[in-house]
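Below: one structure, written as structure tokens.
Please read all numbers here as calculations on a predicted model, not as lab measurements.
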Amino acid sequence: MKYQRPKGTADILPDDAKKWSYIEETARMLFEDYRYHEIRTPMFESFDVFSRTSGDTSDVVTKEMYDFDDKGGRHMSLRPEGTAGVVRAFVENKLYGPEHPRPVKVFYMGPMFRYERPQSGRQREFHQIGVEAFGSNEPELDVEVIAMGMDLLKQFGLSDMRLEINTLGDQESRDAYRQALIDYLDPHFDELSDDSKVRLHKNPLRVLDSKDKRDQAIVKDAPSILDYLNEDSKRHFDKVKSLLDALNIPYVIDPDMVRGLDYYNHTIFEIMVNSKVLGDGYTTICAGGRYNGLVEQLGGPEMPGIGFGMGMERLMLLMEAQNVKFPVLDQLDAYVVGIGEQTSVETLRIVQALRADGFAADRDYLDRKPKAQFRTANKLNAQYTITVGESELKAKTANVKRMATGKEVSVSLNDIILDFDDVINEYFNDDEEID
RNA sequence: GCGGUAUUGGUGAAGUGGUUAACACAUCGGUUUGUGGAUCCGACACGCGUGGGUUCGAUUCCCACAUACCGCCCCA
């Protein structure tokens with residue numbers, strides 16, 4: 001094989017692309033209902049946009065960035081996630097200005113890139129659907145975003161979902177907790193896994209997330225972030241919980257939940273789905289949280305924000321695993337069969353007329369025999385065939401046949417071209433509808 | 001970045017150190033030549049991921065590389 005797609009990328013072929021479109025359209029409609037509007041930002045940004053926001057010690061920045069120097073010597077990176085670019089655009093285009101009603105609510109969907117080892121549902125080029133809302137620090141907005149994520153997954157027909165939430169508190173709470181955690185973990189330093197030894201000083205919260213069994217045993221008795229929240233942070237989180245209750249959205253509090261990206265604070269959440277396709281048990285399909293301070297970090301005013309991201313590849317896998325039906329519209333109304341070279345012009349005219357009239361129509365382009373053309377019409381599940389041969393051509397007629405019943409009638413070409421709907425109603429009206 | 005498994009035609013796959021690489025599906029053609037979904041018949045890998053090596057000879061053995069999948073890391 002001379003050329004193959006780059007490692008960790010995928011060709012989305014027409015059958016799959018239909019499913020992708022369905023997902024994208026469904027998401028668009030739902031987001032518009034929530035009054036979120038689409039924003040499109042570049043697929044690459046200055047490297048700093050991501051490194052500053054995600055955190056210099058995050059794995060994304062240290063080993064997963066698809067970065068390169070362009071011909072002008074600028075250090076660029078393909079976007080590894082959606083939020084940083086959106087925030088950059090928000091600041092650069094001054095969407096924080098008074099003429100934009102707050103909160104400013106946007107959504108995006110598109111490819112993201114991370115240089116890592118591909119696995120099921122994890123590729124180097126992958127796609128995310130995400131939302132961001134700026135300009136309100138009210139817990140009501142947190143809950144709207146969470147509810148919208150749940151709503152979306154429900155629209156996609158997923159079941160067996162679980163919402164997990166946690167809070168990282170504000171800076172003050174987080175700093176206090178960070179110190180408490182270090183104080184707790186330091187005496188156990190030698191017992192920690194090698195990974196966690198490194199984490200401890202770079203980003204101690206990550207130790208909580210360790211999959212290592214020994215680490216987990218130690219972490220089990222570690223102090224909880226929930227005990228280190230200051231008044232504001234606690235009030236915010238309590239409100240989020242009570243609002244979720246009010247909306248009858250069940251949730252689980254996971255005080256060990258952390259984030260791979262450093263910019264989060266206050267509410268963070270993950271929506272998980274129980275499925276084997278992405279590994280055992282519940283795995284995360286949608287994750288997000290609040291990131292007050294991020295706008296400022298990228299040079300904007302003080303402006304709170306919150307959002308989530310959802311992996312489309314994973315979503316597809318889950319939907320397929322749960323046998324979700326994709327409503328795919330792929331009906332061929334009429335297949336025009338031409339018999340003999342002389343008919344080719346007329347059949348082309350007919351398909352064009354049908355298409356102009358809003359029908360999905362096709363014909364043969366391989367100069368094949370009638371039998372083969374009918375076979376094709378049948379395979380494509382054409383509702384009708386319209387056959388034109390030499391004699392029909394002379395008589396200015398065509399044979400219209402309803403494939404499901406086999407009923408065939410001779411109709412004037414003019415009638416077909418002028419109004420095929422009429423022809424169907426006149427000759428096939430009493431037939432049973434078969435779709 | 002580390003470890004494991006795999007790689008045969010459009011697809012699913014069988015198979016062997018040495019004449020013609022099973023079988024099935026799909027596709028195309030035919031079954032008296034202007035009509036579908038059935039049956040029957042026929043065609044369909046100048047080649048067994050790529051590049052080296054061992055050998056008289058390799059698709060089959062060895063090495064490297066590529067890609068896929070799984071685990072770790074991390075995450076969507």
Side-chain angles (χ1 to χ4, degrees), chain A residues 1-10 13 54 57-64 79-83 109-130 149 153 193-196 198-199 203 206 209-212 215 257-261 270-273 276-280 283-288 308-318 335-343 364 366 368-393 398-406 408:
Chain A
M1 205 85 67
K2 190 108 191 216
Y3 297 107
Q4 40 187 330
R5 61 180 178 265
K7 185 182 185 123
T9 63
L13 304 179
S54 299
T57 62
S58 68
D59 280 318
V60 169
V61 171
T62 54
K63 47 187 247 197
E64 293 173 0
R79 61 185 186 192
E81 55 100 27
T83 301
M109 47 186 73
M112 309 288 163
F113 306 84
R114 280 184 206 179
Y115 194 89
E116 64 178 343
R117 199 73 166 254
Q119 264 176 63
S120 172
R122 311 171 52 173
Q123 292 174 281
R124 290 186 172 182
E125 180 184 29
F126 61 103
H127 298 76
Q128 269 188 346
I129 296 177
L153 292 173
S193 66
D194 290 345
D195 284 327
S196 288
V198 177
R199 289 184 190 119
N203 189 347
R206 298 220 59 80
D209 205 29
S210 176
K211 310 289 187 295
D212 187 281
D215 288 352
M257 184 198 301
V258 295
R259 284 272 82 115
L261 307 174
E270 297 187 0
I271 303 173
M272 315 178 88
V273 176
K276 279 179 293 190
V277 285
L278 294 174
D280 288 332
T283 46
T284 305
I285 172 71
C286 174
F308 70 67
M310 183 178 294
M312 289 184 73
E313 281 78 3
R314 294 186 152 201
L315 179 62
M316 298 280 309
L317 286 172
L318 288 170
Y335 191 89
V336 183
V337 176
I339 301 166
E341 260 178 60
Q342 312 301 319
T343 62
D364 169 72
L366 298 172
R368 292 192 301 176
K369 304 204 163 144
K371 184 173 187 116
Q373 294 188 46
F374 272 93
R375 241 200 308 257
T376 300
N378 187 57
K379 199 174 57 190
L380 297 178
N381 200 20
Q383 300 300 296
Y384 295 90
T385 51
I386 299 172
T387 312
V388 181
E390 313 276 338
S391 55
E392 285 83 2
L393 207 52
N399 296 331
V400 178
K401 178 178 185 176
R402 181 170 176 83
M403 294 298 273
T405 60
E408 188 169 24

**Fill in**
CD of A/E125 to CE of A/M112, rounded to nearest 0.5 Å, is 10.5 Å

**Message:** Does A/E270 reach a base, just sugar-phosphate, or nothing at all? Heavy atoms under 4.0 Å.
**Reply:** nothing

**Request:** Starting at atom CE of A/M112, determine the distance to atom P of B/A76, rounded to an integer number of angstrom.
**Result:** 12 Å

**Request:** Would you indicate, yes or no, if B/G71 has its OP1 or OP2 atom less than 4.0 angstrom from a side-chain nitrogen or oxygen of A/Q119?
**Result:** yes

**Message:** Within the 4.0 Å heavy-atom criterion, would you say A/G8 contacts the bases, only the backbone, or no part of the nucleic acid?
**Reply:** sugar-phosphate

**Prompt:** To the nearest Å, how far apart are A/R79 CZ and B/C75 C1'?
**Reply:** 17 Å

**Asked** Taking the C1' atom of each, how far is B/A58 from B/A43, in whole Å?
**Response** 29 Å

**Asked** Do A/E81 side-chain atoms and A/T83 backbone N/O form a donor-acceptor pair below 3.5 Å?
**Response** yes

**Asked** If the C1' atom of B/U16 is compared with that of B/U59, how far apart are they to the nearest Å?
**Response** 9 Å

**Prompt:** Looking across every strand, which nucleic acid part, if any, lies under 4.0 Å from A/R117 by heavy atom: base, sugar-phosphate, or nothing?
**Reply:** base

**Request:** Would you kindly give the CZ-to-C1' distance between A/R5 and B/G49, to the nearest whole Å?
**Result:** 13 Å

**Prompt:** Quick one: A/F126 CZ to B/A76 P, roughly how many Å, whole number?
**Reply:** 8 Å

**Spacing between A/Q4 atom CD and B/C65 atom P, to the nearest angstrom** = 15 Å

**Prompt:** Below 4.5 Å, heavy atoms only, C-beta onward: do A/T387 and A/K401 meet side chain to side chain?
**Reply:** no

**Item:** C1' atoms of B/C40 and B/C48, separation to the nearest Å
**Value:** 32 Å

**Whole-Å P distance, B/C25 and B/U20** = 26 Å

**Message:** Within the 4.0 Å heavy-atom criterion, would you say A/E116 contacts the bases, only the backbone, or no part of the nucleic acid?
**Reply:** base

**Message:** If you define the side chain from C-beta out and look only at heavy atoms, does anything of A/R124 sit under 4.5 Å from A/Y115?
**Reply:** yes

**Prompt:** Which sits closer to the 5' end of RNA chain B, A/Y115 or A/Q123, going by the nucleotide each is nearest to?
**Reply:** A/Y115

**Asked** In Å, rounded to the nearest 0.5 Å, how long is the span from CG of A/N378 to CZ of A/R375?
**Response** 10.0 Å

**Asked** RNA chain B: stems of at least 3 consecutive Watson-Crick or G-U pairs, cut-off 3.5 Å?
**Response** B:1-7 with B:66-72, B:10-12 with B:23-25, B:27-30 with B:40-43, B:49-53 with B:61-65

**Prompt:** Is A/D364 close to A/Y335 at the side-chain level, that is, under 4.5 Å between some pair of heavy atoms?
**Reply:** yes

**Distance in angstrom units between A/E313 CD and B/A68 P, rounded** = 13 Å

**Asked** For atom P, what is the distance between B/G37 and B/U31, given to the nearest Å?
**Response** 14 Å

**Prompt:** When rounded to the nearest 0.5 angstrom, what distance separates CD in A/E408 from OG1 in A/T385?
**Reply:** 6.0 Å

**Message:** So, using side chain to side chain donor-acceptor pair (under 3.5 Å) as the criterion, who are the partners of A/Q123 when residues are at least two apart?
**Reply:** none

**Prompt:** Any sub-3.5 Å donor-acceptor pair from A/R122's side-chain atoms to A/G8's backbone N or O?
**Reply:** no

**Request:** Write down the distance between CZ (A/R124) and P (B/A76), rounded to a whole number of angstrom.
**Result:** 18 Å

**Request:** Would you kindly say whether A/R314 and A/T283 are connected by a side-chain donor-acceptor distance under 3.5 Å?
**Result:** no

**Prompt:** Once you round it to whole Å, what is the distance between P of B/A76 and CD of A/E125?
**Reply:** 18 Å

**Asked** In the 5'-to-3' direction, what one-character label does each nucleotide of nucleotides 33-47 of chain B receive under the scheme B = base within less than 4.0 Å of a protein heavy atom, S = sugar-phosphate only, - = no such atom?
**Response** -BBBB----------

**Message:** Using the P atom as the point on both nucleotides, what is the distance between B/A13 and B/G49, in whole Å?
**Reply:** 15 Å

**Item:** Euclidean distance, A/Q373 CD relative to A/L366 CG, rounded to 0.5 Å
**Value:** 9.0 Å

**Prompt:** When the C1' atoms of B/G52 and B/A14 are considered, how many whole Å apart are they?
**Reply:** 29 Å

**Request:** Could you give the distance separating B/A38 and B/A45 at their P atoms, to the nearest angstrom?
**Result:** 25 Å

